[in-house]
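Please read the structure below before turning to the comments.
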Amino acid sequence: LFAKWKTLDEFLLVKYIDGNIKRQNEDGSFKEFGEELKYFDMAHGFPDDNTINPYYYYEKYPTASNDIALAGNLYEEIKPFEGFTLKAVQALDGYVYRGSAWALPSFVQQNGEKQLNGQRAESYSRRYQLTSTNTAEYKFSIDDLHNWVLLAGHESIVTQSEGFGVGISGITDDRLMMLSAGIQEQLYLTSHSMGDVVYNSFFGRASYNYDGKYHIDGSIRTDGSSLF
């Protein structure tokens, strides 16, 4: 079974990467290579269709993209006096993305004719999320018997995003693959999205123990969101 999968894997690599076809034997095995595809040849015989040479196809239908991502964390801690601690944590996660796609009008179709209807599409999106958590904690003891821990805090999560995309067809020259070179009536894939969401939380906790033997804890929290 492993040998069969290994052979099939080689078949797929050769078929789609090296531009060769590998013909299937009657027993279902793949052993012999077919003739090497020429630049404009169709990959006849797998599986009985007119698949275009991938080298040629991706030259006429190129794509490009750029993606910049940013992620980071900061942590601060201050102890202004004994038993009292201030802590702050900030986290940032975001990205900016741009994508482009073309369909050149000089592309020769399976019937041997040029499509003469070039297309161009552009997309852009960005998103960031900022998380901020802040706490103040005070630990103290009275007569070494009454031990207290008081904590108050706030957390905020801010998320913003925006994206848009546009595409146009009707381009007739490979040298003018711009959005402005298409036909306005054939504008498509127009989209625009925006998002702005905020979460806010406030919380507190009080802990008490008597001589480390008897314990009482209480906490409170409230949450809010721009979604409700």
Could you walk me through whether Gln160 and Glu162 pass the side chain to side chain contact (heavy atoms under 4.5 Å, CB included) check? CA-CA 7 Å; Gln160 288 189 345; Glu162 183 176 7; over 6 Å; no

List the steps and the verdict of side chain to side chain contact (heavy atoms under 4.5 Å, CB included) for Ser125 and Phe164. CA-CA 6 Å; Ser125 63; Phe164 63 85; over 6 Å; no

For Tyr97 and Ser65, what are the C-alpha separation, side-chain angles and deciding distance, and is it a side chain to side chain contact (heavy atoms under 4.5 Å, CB included)? CA-CA 7 Å; Tyr97 171 85; Ser65 63; 3.6 Å; yes

Could you go step by step and tell me if Gln129 and Thr159 meet the side-chain hydrogen bond (donor to acceptor under 3.5 Å, both in side chains) rule? CA-CA 4 Å; Gln129 183 177 83; Thr159 304; 3.0 Å; yes

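Distance check: Ser207 OG to Leu150 CG gives 8.5 Å after rounding to the nearest 0.5 Å. Of the inter-residue distances, the one linking Leu86 atom CG with Thr135 atom OG1 reads 7.5 Å to the nearest 0.5 angstrom.
For Asp223, the CG atom counts as densely surrounded, since its 6.0 Å shell holds more than 12 non-hydrogen atoms of other residues, nucleotides or ligands. Under a cut-off of 6.0 angstrom, the local environment of CZ in Arg127 is crowded, with over 12 non-hydrogen atoms contributed by other residues, nucleotides or ligands. By the 6.0 Å contact criterion, CG on Leu227 is enclosed, its count of non-hydrogen atoms from other residues, nucleotides or ligands being greater than 12. Counting non-hydrogen atoms of other residues, nucleotides and ligands closer than 6.0 Å to CZ of Phe140 gives a total above 12. Annotation for Ile68: atom CD1 does not count as buried by contact number, only 12 or fewer foreign heavy atoms lying within 6.0 Å. Within 6.0 Å of OH in Tyr214 there are 12 or fewer heavy atoms belonging to other residues, nucleotides or ligands.
The closest donor-acceptor contact from the side chain of Ser226 to the backbone of Val198 lies under 3.5 Å. Judged purely by atom type and a 3.5 angstrom limit, Asp211 has no side-chain atom pairing as donor or acceptor with the backbone of Lys213. Side-chain atoms of Arg205 never come within 3.5 Å of backbone atoms of Leu151 as a donor-acceptor pair (strictly under, hydrogens ignored).
Both Leu145 and Tyr138 are part of a single hydrophobic cluster, where members link through side-chain heavy atoms under 4.5 Å apart.
Between Tyr128 and Leu92, some side-chain heavy-atom pair lies under the 4.5 Å cut-off. In this structure, the side chains of Ile78 and Thr85 stay at 4.5 Å or more apart for every pair of heavy atoms. Residues Tyr75 and Lys87 form a side-chain contact, since some pair of their non-hydrogen atoms from C-beta on lies under 4.5 Å apart. Asn200 is listed as a side-chain neighbour of His154, based on a closest heavy-atom distance under 4.5 Å. The side-chain heavy atoms of Met194 and His192, taken from C-beta on, include a pair separated by under 4.5 Å. Inter-residue side-chain proximity for Ile168 and Ile183 is flagged as unmet; no heavy-atom pair is nearer than 4.5 Å. Proximity of Val166 to Leu179: side-chain heavy atoms (C-beta onward) are separated by under 4.5 Å at one or more points. The shortest distance between side-chain heavy atoms of Val149 and Tyr208 does not fall below 4.5 Å.
Aromatic ring centres of Tyr210 and His146: separated by under 6.0 Å.
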Considering only distance and modelled atom types, tabulate donor-acceptor pairs under 3.5 Å from the side chains of residues 98-108, sequence neighbours left out.
| from | atom 1 | to | atom 2 | distance (Å) |
| --- | --- | --- | --- | --- |
| Arg98 | NE | Glu122 | OE1 | 3.3 |
| Arg98 | NH2 | Glu122 | OE1 | 3.4 |
| Ser100 | OG | Glu122 | OE1 | 2.8 |
| Ser100 | OG | Glu122 | OE2 | 2.9 |
| Ser106 | OG | Lys60 | NZ | 2.9 |
| Ser106 | OG | Asp174 | OD1 | 3.4 |
| Ser106 | OG | Asp174 | OD2 | 2.4 |

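The salt bridge (Lys or Arg N to Asp or Glu O under 4.0 Å) analysis of residues 67-82, with sequence neighbours excluded, yields the pairs Glu77-Lys79.
Among all heavy-atom pairs drawn from Glu155 and Thr133, the shortest one is OE2-OG1, 2.9 Å. Nearest approach of His215 to Gly212, heavy atoms of both residues: NE2-O, 3.5 Å.
Using modelled atom types and a 3.5 Å distance limit, the side chains of Gln90 and Ser132 yield no donor-acceptor pair.
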